[in-house]
Amino acid sequence: MWKKTAIVVTMANEKYPKGKRAINFNNIVENPTQEQIDLFTQGLVLLSDGDELYGTEVIKHNTMDAE
């Protein structure tokens, strides 16, 4: 049974100490489409201070009942 879905967006910018940073977003829709992810990350880039998208990771959490 689905519990939650999270997305980790990694942004690159020379201003970050290691050149990139990962940002976690929790409780997104159960099955995000590629289009939804693209629109979301494009918005983050537009709102940033010179960041570039480095990558994304979708993490889906499910619960498993014991038998």
Side-chain angles (χ1 to χ4, degrees):
M1 171 181 273
W2 176 72
K3 183 176 179 180
K4 68 178 180 176
T5 304
I7 186 170
V8 180
V9 179
T10 303
M11 306 293 272
N13 191 321
E14 62 186 31
K15 297 175 184 177
Y16 300 136
K18 295 183 180 181
K20 60 184 176 180
R21 88 175 179 158
I23 309 161
N24 298 313
F25 297 91
N26 295 305
N27 299 319
I28 63 170
V29 296
E30 182 175 358
N31 294 305
T33 65
Q34 186 64 50
E35 180 182 16
Q36 289 171 315
I37 293 168
D38 291 344
L39 289 170
F40 180 69
T41 55
Q42 287 171 18
L44 292 175
V45 169
L46 284 171
L47 293 170
S48 74
D49 185 20
D51 289 4
E52 293 182 22
L53 179 63
Y54 187 79
T56 58
E57 180 181 7
V58 176
I59 304 167
K60 190 171 181 178
H61 299 266
N62 294 314
T63 57
M64 306 291 280
D65 294 330
E67 293 183 31

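If you take CD on E30 and CH2 on W2, they are separated by 5.5 Å, rounding to the nearest 0.5 Å. Expressed to the nearest 0.5 Å, how far CD of Q42 lies from CG of L47 amounts to 12.0 Å. The CG atom of N62 sits 12.0 Å away from atom NZ of K4, with the distance rounded to the nearest 0.5 Å. With values rounded to the nearest 0.5 angstrom, T5 atom OG1 is found 6.0 Å from I28 atom CD1.
Here T63 pairs with nothing under the side chain to side chain donor-acceptor pair (under 3.5 Å) rule; sequence neighbours left out. Evaluation of the side chain to side chain donor-acceptor pair (under 3.5 Å) rule for D49 yields K15 as partners, not counting sequence neighbours. By the side chain to side chain donor-acceptor pair (under 3.5 Å) test, Q34 pairs with D38, sequence neighbours left out. A search for side-chain contact (heavy atoms from CB on, under 4.5 Å) contacts involving N24 returns V8, not counting sequence neighbours.
When the side chains of ILVMFWY residues are joined at heavy-atom separations under 4.5 Å, either directly or via intervening members, I7 and L39 end up in two distinct hydrophobic clusters.
Among pairs with a residue in residues 27-52, those fulfilling ring-ring contact (aromatic ring centres under 6.0 Å, His included) read F25-F40, at least two apart in sequence or across chains.
When all heavy atoms of A6 and N26 are compared, the pair lying nearest together is CB-OD1, 3.5 Å. What you find for R21 and Y16 is that their closest heavy atoms are NE-OH, 3.5 Å.
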Under 3.5 Å, which donor-acceptor pairs do the side chains of residues 52-61 form with other protein atoms, sequence neighbours left out?
from	atom 1	to	atom 2	distance (Å)
Y54	OH	K20	NZ	3.4
K60	NZ	N31	OD1	2.8

